[in-house]
There are 2 protein chains.
Amino acid sequence: MAEVDDIDHHVLRLLREDGRRTFSEMAELVGLSVAAVKRRVDRLRELGVITGFSVQIDYSKLGWGIEAFTELRYPGTTPVAEIVRTATEVPEVQAVFTIAGDPDALIHVRVRDLGHLQQVIDRLRRAGNVTGTKTLLVLGSWTRDGMSPHAR
Amino acid sequence: MAEVDDIDHHVLRLLREDGRRTFSEMAELVGLSVAAVKRRVDRLRELGVITGFSVQIDYSKLGWGIEAFTELRYPGTTPVAEIVRTATEVPEVQAVFTIAGDPDALIHVRVRDLGHLQQVIDRLRRAGNVTGTKTLLVLGSWTRDGMSPHAR
DNA sequence: TTTGAAACCTATGAGCA
DNA sequence: TGCTCATAGGTTTCAAA
């Protein structure tokens, strides 16, 4: 595991709050020089702790108002890699979690409306040799980082 | 719904790929001036389409290697707001999704190890008047934006 | 709504404690 | 590791179209 000290954690917390914070702002908050903070961020990227930066979008404002989780069940013989591969090919799929036990996978999808959700579920069923699905329709969501602040 | 044109969508895509992209880089890729791109990003923030920027972290590299989803069931009388409030108070909780039907909520948690997971589940059970839980242990995950690239 | 230019910050790399 | 300094580059604002 990487050696990440308290200042690194502080920097990570600041970047979680605002990924576009400037090095000079962080330097002041953290009590180091600009160059020292930059070096730490560069190092955290090299270590693979920081894998990238992204924008947080309210998809409901873009007309993608429906969010759901679909539990997928497969025959015991299906390799995990194939589950992930087939699910990720569906563009509405936001995330794929392979699970220990039952179900075998949990798929996070974002769609325009319920008809669209139906299509996506059908597509997931057909994509692999799925033996069963159960879909959980999301009414509201909250995330620690403020991602997907749907239906607040 | 906000009026968001093709160029706005292009800018959003570029920022999803890299939230720290410079305006000058985006200006070139999008075919507008730097000032015009900045104005669009400012406007998308005002509209609430962009809710913020964040860093993508590989939590397994920080020693938080276990990810799970816990389904919570409540008595029919429990208000949704209380479900969210009690769950979000637990620091290991990354996201809370309230669900139409059964279960009533899906909680995304991230913990150090299985003992820690047990503690968090216990805490969730005690926090509200939970009538039942089922926890799905995540073996691997993939996300479209490259968030949480756990167990790749 | 866009552009281009000016003023101001920030990022980055080198050299050194 | 950390710091400072120099400069290249980015951001922000504003007047003009």
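Keep in mind that this is a model prediction, so the values were computed, not measured. Naming: A, B, ... by sequence-line order, numbering from 1 per chain.
Near DNA chain C, defined here as any heavy-atom distance below 4.0 Å, the residues from residues 12-23 of chain A are Thr22(A), Phe23(A), listed numerically. Near DNA chain C, meaning a heavy atom under 4.0 Å away, the residues from residues 27-37 of chain B are Leu32(B), Ser33(B), Ala35(B), Ala36(B).
Residue Met26(B) contributes atom CE, which lies 14 Å from atom P of dT2(C) at whole-angstrom precision.
Legend: residues meeting ring-ring contact (aromatic ring centres under 6.0 Å, His included) with His116(A), ordered by chain and number and at least two apart, are Trp64(A). Residues passing the side-chain contact (heavy atoms from CB on, under 4.5 Å) test with Val80(B) are Val84(B), Thr98(B), sequence neighbours excluded.
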Could you check Phe69(B) against Thr135(B) for side-chain contact (heavy atoms from CB on, under 4.5 Å), going step by step and ending with a plain yes or no? CA-CA 6 Å; Phe69(B) 284 89; Thr135(B) 294; over 6 Å; no
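For the pair Lys38(A) and dT12(C), the criterion of a side-chain N or O lying under 4.0 Å from OP1 or OP2 is met. Using a 4.0 Å cut-off, some side-chain N or O of Arg39(B) falls inside it from OP1 or OP2 of dT2(C).
When atom types are taken as modelled, the side chain of Glu92(A) and the backbone of Val109(A) share no donor-acceptor pair closer than 3.5 angstrom. Checked by atom type and distance alone, the side chain of Arg125(B) never pairs as donor or acceptor with a backbone atom of Gly132(B) at under 3.5 Å. Between the side chain of Arg110(B) and the backbone N or O of Val93(B), no donor-acceptor pair lies under 3.5 Å.
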Residues 23-35 of chain A, side-chain donor-acceptor partners within the protein, below 3.5 Å, at least two apart:
unit_1: Ser24(A); atom_1: OG; unit_2: Thr22(A); atom_2: OG1; d: 3.4
unit_1: Glu25(A); atom_1: OE2; unit_2: Arg21(A); atom_2: NH1; d: 3.0
unit_1: Ser33(A); atom_1: OG; unit_2: Ala36(A); atom_2: N; d: 3.2

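For the pair Arg40(B) and Glu25(A), both in contact range of DNA chain C, the more 5′-proximal nearest nucleotide belongs to Arg40(B).
Using a cutoff of 4.0 Å between basic side-chain nitrogens and carboxylate oxygens, Arg39(B) and Asp42(B) are not scored as salt-bridged.
Residues Thr70(A) and Thr133(A) bring no donor and acceptor atom of their side chains to less than 3.5 Å of each other.
Heavy-atom minimum distance, Arg40(A) versus Asp8(A): NH1-OD1, 2.9 Å.
End-to-end axis angle of the helix from dT1(C)-dA17(D) to dA17(C)-dT1(D), using five pairs per end and rounding to 10°, comes to 30°.
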